[in-house]
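Scroll down for the structure; my scribbles are underneath it.
The structure presented is a predicted model; accordingly, all values stated were derived computationally and were not measured. Throughout, a chain's letter reflects where its sequence line sits, starting with A, and its residues are numbered from 1.
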Number of protein chains: 2
Amino acid sequence: MVATFIGNIEARLDEKGRMFIPAVYRKILAAEQSTRVVMRRDTENECLVIYPEQVWNKRVEQLGEELDEWNPDDQMLMMQFVADAEYLEPDSQGRILLQKRNLQQIGATGDLLIVGMMNRFAIWDKQTFLNKKIGQREFAEQLRKRMSKKSF
Amino acid sequence: MVATFIGNIEARLDEKGRMFIPAVYRKILAAEQSTRVVMRRDTENECLVIYPEQVWNKRVEQLGEELDEWNPDDQMLMMQFVADAEYLEPDSQGRILLQKRNLQQIGATGDLLIVGMMNRFAIWDKQTFLNKKIGQREFAEQLRKRMSKKSF
DNA sequence: CTCATATTCCCCACATTGCACCACATTTTA
DNA sequence: TAAAATGTGGTGCAATGTGGGGAATATGAG
């Protein structure tokens, strides 16, 4: 049975800007034979998204084939999407090194929060995420609306 | 014939925060080949819901794929749903370890109550559940209204 | 181009804690 | 009443998270 990235884990940066990947997540990566990951700033939110290499490849490999047939504007869009991405390889302790510019992108001040997103996961500034999170009651209500057909 | 989670069982935490899964429930999990379970705070009530891994997967498996096409608000909603969930693996004695933050979420003070919910089950603070429970007469009445078509 | 300074990436070491394991009490079943 | 299954408690070790030294590499100033 394949596990997915769920849950949220607090994390901190050491003085060198390194952040550990939680053991639970590391196991999933190992199972997918993705030691390497791809990171890019999220398009919608103030966070960094990390894809297992496999997932990333699946997502963009067809796009590469089709790229020539696209119109210039769309090509530019895709170029920008790819340009912001980078490979990361965890060190022997399972940590990844975050650049200053990456941390600036998510307004990271102190503590971080690693948030599972099923087939990938995100890195948030802890406070930013908590501010964004809606209250329990409102959450339930919106979810009820969204999932009016299916119940969770 | 697949058994479902029914009934209610009292449970306590030891000093380490471990709670046993009742033998009846363990048997159901074993039958579903789910040793691992997924736990998350219930959206509607002050309790923790535990899904056999299979049941959880069935609910959310396509969501990861489709997520990209959703609008940002719904994405955020789903992220929050997933972020609050976590895998739990019972130890060899069939116990699961509950974190302090989980217990806070349900206002657990002393005794707990494990309550079956058909394909999943919930952990309540015993007193909270008993307070929430309505009297026998009122219960019958509401049930009659609700199930006016189907008979139990 | 050269040197100084910062960044990246190897290591090794160690504190902490989750978890496997063992032991036994208690309850249920035969 | 014996035997099996279930629930309870505690110990110890390996896995995980954390820190830092120092070599290799990049960056930037003069």
Rounded to the nearest Å, what distance is computed from the [atom1] atom of residue [X] to the [atom2] atom of nucleotide [N]?
{"X": "B:L97", "N": "C:dT17", "atom1": "CG", "atom2": "P", "result": "13 Å"}
{"X": "B:R95", "N": "C:dC22", "atom1": "CZ", "atom2": "C1'", "result": "11 Å"}
{"X": "B:I96", "N": "C:dG18", "atom1": "CD1", "atom2": "P", "result": "15 Å"}
{"X": "B:I9", "N": "D:dT8", "atom1": "CD1", "atom2": "C1'", "result": "17 Å"}
{"X": "A:E89", "N": "C:dT8", "atom1": "CD", "atom2": "C1'", "result": "14 Å"}
{"X": "A:Q99", "N": "D:dT27", "atom1": "CD", "atom2": "P", "result": "11 Å"}
{"X": "A:L98", "N": "C:dT8", "atom1": "CG", "atom2": "P", "result": "11 Å"}
{"X": "B:Y87", "N": "C:dC19", "atom1": "OH", "atom2": "P", "result": "15 Å"}

With the threshold set at 4.0 Å, does a side-chain nitrogen-carboxylate oxygen contact exist between [X] and [Y]?
{"X": "B:R41", "Y": "B:D84", "result": "no"}
{"X": "B:E10", "Y": "B:K126", "result": "yes"}
{"X": "B:E44", "Y": "A:R144", "result": "yes"}

Measure from the side chain of A:R26, starting at C-beta and using heavy atoms only, and say which of D:dT6, D:dG19, D:dG17 lies closest.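 Of D:dT6, D:dG19, D:dG17, D:dG17 is nearest to the side chain of A:R26.
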
If you only use heavy atoms from C-beta on, which nucleotide in C:dC21, C:dC11, C:dC19 is closest to the side chain of B:S92? C:dC21

Whether the side chain of A:D91 engages the backbone of A:R95 through a donor-acceptor N/O pair (distance < 3.5 Å, no angle test) should be reported. yes

Donor-acceptor pair under 3.5 Å, B:Q93 side chain vs D:dG9 base: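 Checked by distance alone, the answer is yes.
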
Could you tell me whether [X] sits above the aromatic face of [Y], with NZ or CZ closer than 6.0 angstrom to the six-membered ring centre and within 45 degrees of the axis?
{"X": "B:R40", "Y": "B:Y51", "result": "no"}
{"X": "B:R120", "Y": "B:F5", "result": "no"}
{"X": "B:R36", "Y": "B:Y87", "result": "yes"}

D:dA15 OP1/OP2 closer than 4.0 Å to side-chain N/O of A:K27: no

Hey, can you pull the residues of residues 15-23 of chain A with a non-hydrogen atom under 4.0 angstrom from DNA chain D?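 Output list: A:E15, A:K16, A:R18, A:F20, A:I21, A:P22, A:A23.
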
Which part of the nucleic acid, if any, lies within reach of A:D91 when heavy atoms closer than 4.0 Å are counted: base, sugar-phosphate only, or nothing?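 Nothing, no heavy atom under 4.0 Å.
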
